[in-house]
Peer 1: 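Once you've had a glance at the structure underneath, I'll fire off some questions.
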Amino acid sequence: MTVELGWIDVRPAPAGPPAIGTLGPEGTSSEQAARLLRTRLPDGPSIVLRTTYEQAVEDLKAGTVSHVVVANAYRDIHHFYMADDIALADVFVMDTPLYGIARRADGGPLSDRPSVVTHPSPRPLVAQLLPAAYPLPEVATADSTSQAAQAVAERRYDLALTTEPAATRHGLRFISRLRPIRMVWSVFIRT
Ligand SMILES: O=C(O)C(=O)Cc1ccccc1
């Protein structure tokens with residue numbers, strides 16, 4: 001369930017048909033944020049899911065999307081705030097889908113020292129959510145929470161920190177408790 005907690009418009013939407021870019025593939029928190037932004041824009045804009053936020057911002061600069069949604073917990077968001085050819089248009093607060101640590105539903109017994117993969121931003125949740133029975137692992141990184149789920153489905157890692165939609169999509173089962181991340185989301189437009 002998407003929980004929308006507040007919205008600040010700091011710039012009017014640009015003229016022309018809107019399209020929203022963000023981090024994909026399907027199942028990311030960013031996709032849910034883009035879906036929420038879509039409800040605020042006219043004409044039922046399309047959502048373009050890219051491998052990185054940087055690629056989505058390149059699309060914005062090239063004019064193939066009109067808006068890009070970025071999680072404020074993204075470490076490299078400062079580049080987008082500092083760029084002089086794009087600008088902040090809106091800020092909203094939305095809880096992400098539920099996050100947890102998931103394994104392949106059809107896998108055999110889990111190793112005593114399972115490998116874990118995550119997007120870098122929610123990485124602190126690995127130590128918070130990993131059941132105490134497992135030692136703190138070395139953590140590999142993926143381009144998104146959905147990519148992390150896919151990497152586990154493809155047997156490249158044992159466990160993914162991922163969202164409920166991504167786990168469902170990739171046939172994973174949670175072994176931890178689940179929690180949302182209360183997040184500020186930034187919406188950028190071209191200037
Ligand atoms: O949108 C996602 O699902 C991501 O992988 C990026 C992310 C996740 C959690 C916090 C910040 C960014």
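In listed order, ligands and their atoms are each counted from 1.
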Peer 1: I'd like to check the ring-ring contact (aromatic ring centres under 6.0 Å, His included) partners of Tyr74; sequence neighbours left out, ordered by chain and number.
Peer 2: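 Listed in chain order: Tyr53.
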Peer 1: Whether the Asn72 and Ser186 side chains hold a donor-acceptor pair (N or O, under 3.5 Å, no angle test) is what I'd like checked.
Peer 2: yes
Peer 1: Minimum heavy-atom separation for Ser29 to Met94, with atom names?
Peer 2: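 Shortest heavy-atom separation between Ser29 and Met94 comes out as O-CE, 4.1 Å.
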Peer 1: Between Ser144 (side chain only) and Thr28 (backbone N and O only), is there a donor and an acceptor less than 3.5 Å apart?
Peer 2: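 Judged by distance alone, no pair lies under 3.5 Å.
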Peer 1: Using a 4.5 Å cut-off between side-chain heavy atoms of Ile, Leu, Val, Met, Phe, Trp and Tyr, which other residues end up in the same hydrophobic cluster as Ile189?
Peer 2: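 When side chains under 4.5 Å apart are linked, Ile189 ends up in no cluster with other residues.
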Peer 1: Members other than Leu172 in its cluster, when Ile, Leu, Val, Met, Phe, Trp, Tyr link by side-chain heavy atoms under 4.5 Å?
Peer 2: Val117, Val152, Tyr157
Peer 1: Go ahead and list the nitrogen or oxygen contacts between ligand 1 and the protein that come in under 3.5 Å, distances to 0.1 Å, or just say none.
Peer 2:
unit_1	atom_1	unit_2	atom_2	d
ligand 1	1 (O)	Ser29	N	3.3
ligand 1	1 (O)	Ser30	N	2.9
ligand 1	1 (O)	Ser30	OG	2.6
ligand 1	3 (O)	Ser29	N	2.8
ligand 1	3 (O)	Tyr99	OH	3.2
ligand 1	3 (O)	Thr145	OG1	2.4
ligand 1	5 (O)	Thr145	N	2.8
ligand 1	5 (O)	Thr145	OG1	3.2

